[in-house]
Every structure is written in C-alpha cells, then in structure tokens.
Amino acid sequence: MKGEVHSHLEESIRPYIDLIDTLRSVGIHKDLALPTIAVIGDQSSGKSSVLEALSGIALPRGSGIVTRCPLELRLKKVTGGVNWKAVLFYRDKKTEFVDSSLVENYIEQAQNELAGRGVGICDELITLEVMSPDVCDLTLIDLPGIARVPVNGQPDDIEKQIKRLIMKYIEKQETINMVVVPCNIDIATTEALIMAQKVDPEGKRTVGILTKPDLIDRGTETTIMDIAQNKTIPLRKGYIMVKCRGQHQINEKISLEEAAQKERDFFQKHNFFRCLLNEDKATIKSLAVKLTQHLVDHIKKSLPQLNEQIKKQVWDLRNDLKECEAGPPQDPKGAKKFLTETLIGFINQIKYISAGELIIEENLFVQLRMEFKKWNDHLNERKPSFNNLPEEEITFNQNYRGRELLGFSNYKMFEVVLQKHVATLKEPAIDLLSAIKGIVIKQFTDVVNQCFQNYPVLLDITKVNIDKIYNIQSVQQEKAEKRISEQFEMEDMIFTQDPIYLKSLKEITKETFSEEQLPLFDKKCKYGEMLQAYYEIVVQRMADQLPMMITLFMLKQTAHLLSIDMLSLLDGANVSELLFEDSDVGKKRRDLHARLDRMRIGQEKISNFI
C-alpha cells in the first residue's frame, strides 16, 4: 500500500519511533515495557489482511493458527534509492533480503524453528523490519489469533496458551491494544475485545479496527455505524473501519495499491459508511496515520517515566553486581591476570591450611592432632611391664651367653627384648600414615571445590589434579613409609645419650645416683626397670618424630608440589575457557552485566534524544 503519512507528521514522528525501535533492538524490552501497539483478534477476524495492507507485504495466511509467534513488524519509510528491503531477526539469526515475495516463507521457517512444525505456539519474538518508500513509520506486534476450539491436532489447551501469550503484552500500560473485529459478527461477543476491556476497562489505550464491512447483512448498517461512531462500546481512541483484500481479490492477483483504491471507492459509494471518510474513520490510509500518531503520543507520554525506570534499573543493577563476588574481566589481559590471581589464591589457601592458619569446614590440625593423640595413646597403652616379664625372657643368659663368665650380664638380652616390643609398633605407625593421607586429601579437595566452584572447566581440570593429589600423596606415602621403616631400623640399634637414659632411669626407679654408680645397678632384679627406662625414651621419640615426619611428607611437601603443578596451568592456557562460569553466581553475574550494558545504552539514547 502506498500509504504516505503527511509530510509535516513524518519529521516529528520518525525520531520517536526510531528511538523505541533502537531501545528494543538493544534489548530494553527484556527488562522494561516499551510503548508499542499489540494487534489482537479472534481467528478469521481479518487481522492478517489489515497488517498486509499496512505493510504492503504478503504475510502468512490460511485457516487455523497462522501467527504462531509474536511478530514485531517495524515499518520504516525511506527515500534515496531504496526500493524495498527487509531484515528478519529471531534468536541470534539475521536474514536480509530484497524480494518481498519471500516474506511469507521466511516467517514460516522462523515459526517452525521456534514453535516446531505443526500448530503449536511460542513466546519468542520474531522481528521483521521493512524499509520502503511506500510504508508508514510504524511498529506493531502481531499476536496469534484467539482459537476457541482446538482443531487439526492443536493442543487441548490452545485457547489458554494463546490468551496467556496475548495477556503478556496487552496488560502492560505501555501497550496500545489494536483490536481487530469483523463487522459481520456481534462485537460484544468478540473474545479479543473482551480481553482488552479486562486490562483497559476505560478504553484509554484501546483502538478498534472494524473489518469486512462488505460482508454485513442488509439492515445492520445502523448498528455498525453506532459501533464505528463509538456509541456502543466506547473506546477513548475510537474505531476505524477498513476494507482489505479478500481471498477472491488475492486469487485474482489484485495488487495492494489497486485494493487501496477499491477500498476508497467502496466507502465513497456506500450510503451509510460514506461519512466515515470525511471523519477520517475509514480506510487503511487513515488507520496508518492514526496508529502512528497514537503511538508517538504514547511514546511522548511514556518517555519521562521510562527514563526514570532506566535510571533506577542502572542503580539497582550496580548494587546487585556489588553483592556478587567479582568475576573474570572480559578483556584477555585482565582475564589472564584474574586467572593468575585465582590460582595464586588457591595456592595461598593450600599454604595457609598447611600452616594451620585457615579453616575450611573442619580444622585440619585439630584432626591431625586427634590422630597423633591416638598414636601417642597407643604407644603408652602398649608399654610392657618389664617387671612382670616371663622368667624365660629375663633369664636367658645361657641362650644369649657370650664369652663372659657366669654372673656377668649380656647386653644382647636388652636388645632382643626391646627390639621385639618396638617392632610391634610398626603396623600402627603405617595405619597412622594412611589416616593422615585421607585427611589431607579431603582438606585439599575442599579447597579445590571452594576456590573453583564457579568455573566448571577449571574445576574439571583441577579434579584431574585431585587425582594428582592422590598420585602425589601416594609418592609421598612411599617416601614416608621408607622413612618410618628407617626409623624402626634405627630403633633396633638401641641407643640414647647417657644423660637422657640416666634421667629416665631416675624417674622409673625413684632413686638418685650418678653415672659412676650406674654399673652397680646392673643386677637381675633391676632389669625390668632398666628396660622400662629405655622404652620410655623410645616412646617419646616415636610420639614426636612420626607425626613430624608424616606432616612433612604428607602435608607440607604435598602442598608445595601441588602448588607448582597448578601454576603450570598458566602455560599456554585458554584463559576464557578456563574461566567460563556455569554456576548460579556466574549466570547471575553475566545476566546482570548484560542487563546493565543494555540499560546504559538505553540511558544514553534517551539522554541524547531528550
């Protein structure tokens, strides 16, 4: 249709419509309602014919649900060599074309992709931008026609689905509701108008479009005129009557330009509806002018409030972002630095835990001390009562007698008795090592989960490193077992400094004597006390040295080796991949950043416009 908008209006309205289209393009509509015109109607109300006449393009037609996704129709009047051009947007797809006959196929393809093949509907928006010297500056959103009875495989609740989708748009105060109603039915029973009245009971933002005036029954003209004159169901924006191409004219390939002329001729020759032409309440051309003016007036009225809403959103989003822990920067240099700091943070956590300066869930050193106390208790519980040793253990001078004469003691006796009892401690010592290994692995795993919980790729790689923790611990365990075995081999040597032994002997016997008197103490009746004194020294050595040895190998050295291994991730790392966030916090942060970016752009556009 060559529906030219008056030149004095074009200059004043175009910037407003462009502003709202720009805000919608950057995604402001995802957070805030924007001024728009939503087109609704029952099935077969003539909705598609009206949009076709306004846009000058053939939209999908047929029986049943034709519009299965919200279709945003952006019409832009252009000059300067552009004959006709269109751009179709949905999801992340963009298709440009210059052949208007392809519109119907492209929309059907988009609807099939979004809503599936068949008769289902989808909430996702399809945007068709049409640039042509023959269209008006206008943006509309076409919504699915209301189906009351499911047919041809439609879901049983298809009416509910469609009404829910329509309600999402028309209930917003920023929406002008364009209700398409055929003249040849009882307007009071029109579902689309009933829905509009529910959300706009005073009719302040509803405009009625009366279609199919050529199909009314003779004698009903006065009733239809009362509706058109806003006397039956008053609407603040009134009604406009149009006569679009019918299926017969489409089959005869009557162009939209010719159909527009036939429409004007129809009203001029109609005895009842002729007056509507003089009142600008008839024809698609009048509809285009009025819709554009309604939309611009609505935009002007909404802009101050929209500007304040955007400012508030920017403020709220910034505060929400402050509550989220810092995420990785978007630039490569900043991201690499962030990764380095994240890994260093992990390494420091391991370091602090190893030093006993950090508690994750359970205090590591409390757990270690509990195990070490068990070891110490075991050593004390296993102290033999050398005074009550069987006779054969202390009177075996014949079995272990060397060159000495009768009556002289044999040092071998002490060695055998002590070696036998010390050897029983080796298995519990290995058990202690295994227990400490499990505690350390659990603590280090907790640190991994805490430090990298927001980064699934980094967490997965580190979980491989958890296997490395096991491997490192296994290697360290072998080293520790070797040192423990060496410790027990050294204990077989039966050695301590004379002052240390003398001190222990004094504590056992409760007697005081000097080193010079000690040889006189070598009596059979004193063997038990002498053995006990030395065994106390063994217990003290074992009680301290094994925990220190195990802590060195299983905690301190493991932490150091793991830290070196983690730093190797920086070599040739795909930083963006490692720092990809898939956690709830990450998703929230990305969403907040995206919304804040949209709002900043919107704020800038409105500020420049005002």
Side-chain angles (χ1 to χ4, degrees), residues 1-26 28-29 33-39 47-59 70-89 96-98 100 103 125-142 169 174-178 180 205 207 209 237-238 240 242 244 256-257 260 263 280-281 283-303 306 602 605-606 608-610:
M1 180 213 65
K2 291 190 175 182
E4 297 184 1
V5 182
H6 299 300
S7 59
H8 70 278
L9 284 175
E10 289 179 0
E11 294 181 2
S12 63
I13 64 176
R14 181 64 179 270
Y16 287 94
I17 294 176
D18 283 349
L19 172 65
I20 297 302
D21 286 345
T22 300
L23 294 178
R24 190 174 281 110
S25 295
V26 300
I28 297 295
H29 66 285
L34 296 176
T36 190
I37 298 176
V39 185
K47 186 164 58 72
S48 295
S49 297
V50 173
L51 293 174
E52 179 184 85
L54 284 169
S55 64
I57 55 177
L59 297 171
L71 174 64
E72 180 187 33
L73 194 59
R74 297 182 189 173
L75 306 178
K76 294 183 180 294
K77 186 178 182 66
V78 294
T79 56
V82 177
N83 183 28
W84 191 93
K85 181 182 177 182
V87 186
L88 188 74
F89 306 88
E96 296 185 14
F97 54 101
V98 294
S100 61
V103 170
L125 186 70
I126 299 172
T127 298
L128 178 65
E129 185 175 288
V130 176
M131 292 154 280
S132 169
D134 298 328
V135 298
C136 54
D137 285 306
L138 186 62
T139 299
L140 307 156
I141 295 180
D142 182 26
Y169 285 87
E174 292 77 8
T175 301
I176 295 175
N177 299 325
M178 173 177 156
V180 181
R205 51 188 183 88
V207 57
I209 313 301
K237 299 185 183 300
I240 296 178
V242 297
C244 304
L256 291 169
E257 291 84 354
E263 178 192 39
D280 288 331
K281 293 181 179 179
T283 73
I284 286 293
K285 182 176 180 179
S286 294
L287 174 61
V289 173
K290 288 203 170 183
L291 285 179
T292 302
Q293 193 60 56
H294 285 325
L295 180 58
V296 171
D297 290 344
H298 203 53
I299 292 171
K300 289 179 179 178
K301 181 180 176 182
S302 302
L303 268 185
L306 180 61
K605 296 293 182 185
I606 292 179
N608 293 338
F609 185 84
I610 295 175

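- Closest approach of Ile20 and Pro35 over heavy atoms only: CG2-O, 3.5 Å.
- Not one N or O on the side chain of Lys47 forms a donor-acceptor pair closer than 3.5 Å with the backbone of Val180.
- Annotation: the span from Leu75 atom CG to Thr292 atom OG1 amounts to 8.5 Å, rounded to 0.5 Å.
- Crowding of Lys605 atom NZ: a count of heavy atoms from other residues, nucleotides or ligands under 6.0 Å not exceeding 12.
- Looking at heavy atoms from C-beta onward, Ile606 lies in side-chain contact with Leu23 at the 4.5 angstrom threshold.
- No donor-acceptor contact under 3.5 angstrom links the side chains of Arg74 and Ser55, judged on distance only.
- Across every non-hydrogen atom of Tyr169 and Ala38, the tightest pair is CB-CB, 4.3 Å.
- Between Leu88 and Leu128, the shortest heavy-atom distance links the atoms CD1-CD1, 3.9 Å.
- Ring geometry, Phe97 versus Trp84: the interplanar angle falls from 30° to 60°, so the pair is classed tilted.
- In this structure, Asp137 does not pair ionically with Lys76, as no charged nitrogen and carboxylate oxygen lie closer than 4.0 Å.
- When all heavy atoms of Pro70 and Ile141 are compared, the closest pair comes out as CB-CG2, 4.3 Å.
- Taking NZ of Lys281 as the reference point, atom CG of Leu287 lies at 14.0 Å (rounded to 0.5 Å).
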Exercise for the section: Carefully, step by step, assess Leu19 and Leu303 under the rule side chain to side chain contact (heavy atoms under 4.5 Å, CB included). Expected result: CA-CA 10 Å; Leu19 172 65; Leu303 268 185; 3.7 Å; yes
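- For the atom pair His294 NE2 and Ile299 CD1, the distance stands at 13.0 Å (nearest 0.5 Å).
- For Asp280, the side chain to side chain donor-acceptor pair (under 3.5 Å) criterion is met by no residue, not counting sequence neighbours.
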Problem - Step-by-step side chain to side chain contact (heavy atoms under 4.5 Å, CB included) determination, Glu72 to Ile126 - result: CA-CA 6 Å; Glu72 180 187 33; Ile126 299 172; over 6 Å; no
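- We find the OG1-CG distance between Thr139 and Leu73 to be 8.0 Å, quoted to the nearest 0.5 Å.
- A 4.5 Å side-chain heavy-atom check between Glu174 and Thr36 finds every atom pair outside the cut-off.
- Nearest heavy-atom pair across Ile284 and Cys244 is CD1-SG, 4.0 Å.
- Counting only heavy atoms from C-beta outward, the side chains of Leu34 and Leu306 approach each other to under 4.5 Å.
- For the atom pair OG1 of Thr175 and NE2 of His298, the computed distance is 6.5 Å after rounding to the nearest 0.5 Å.
- Between the CD1 atom in Ile240 and the CG atom in Leu291 there is a gap of 6.0 Å [rounded to 0.5 Å].
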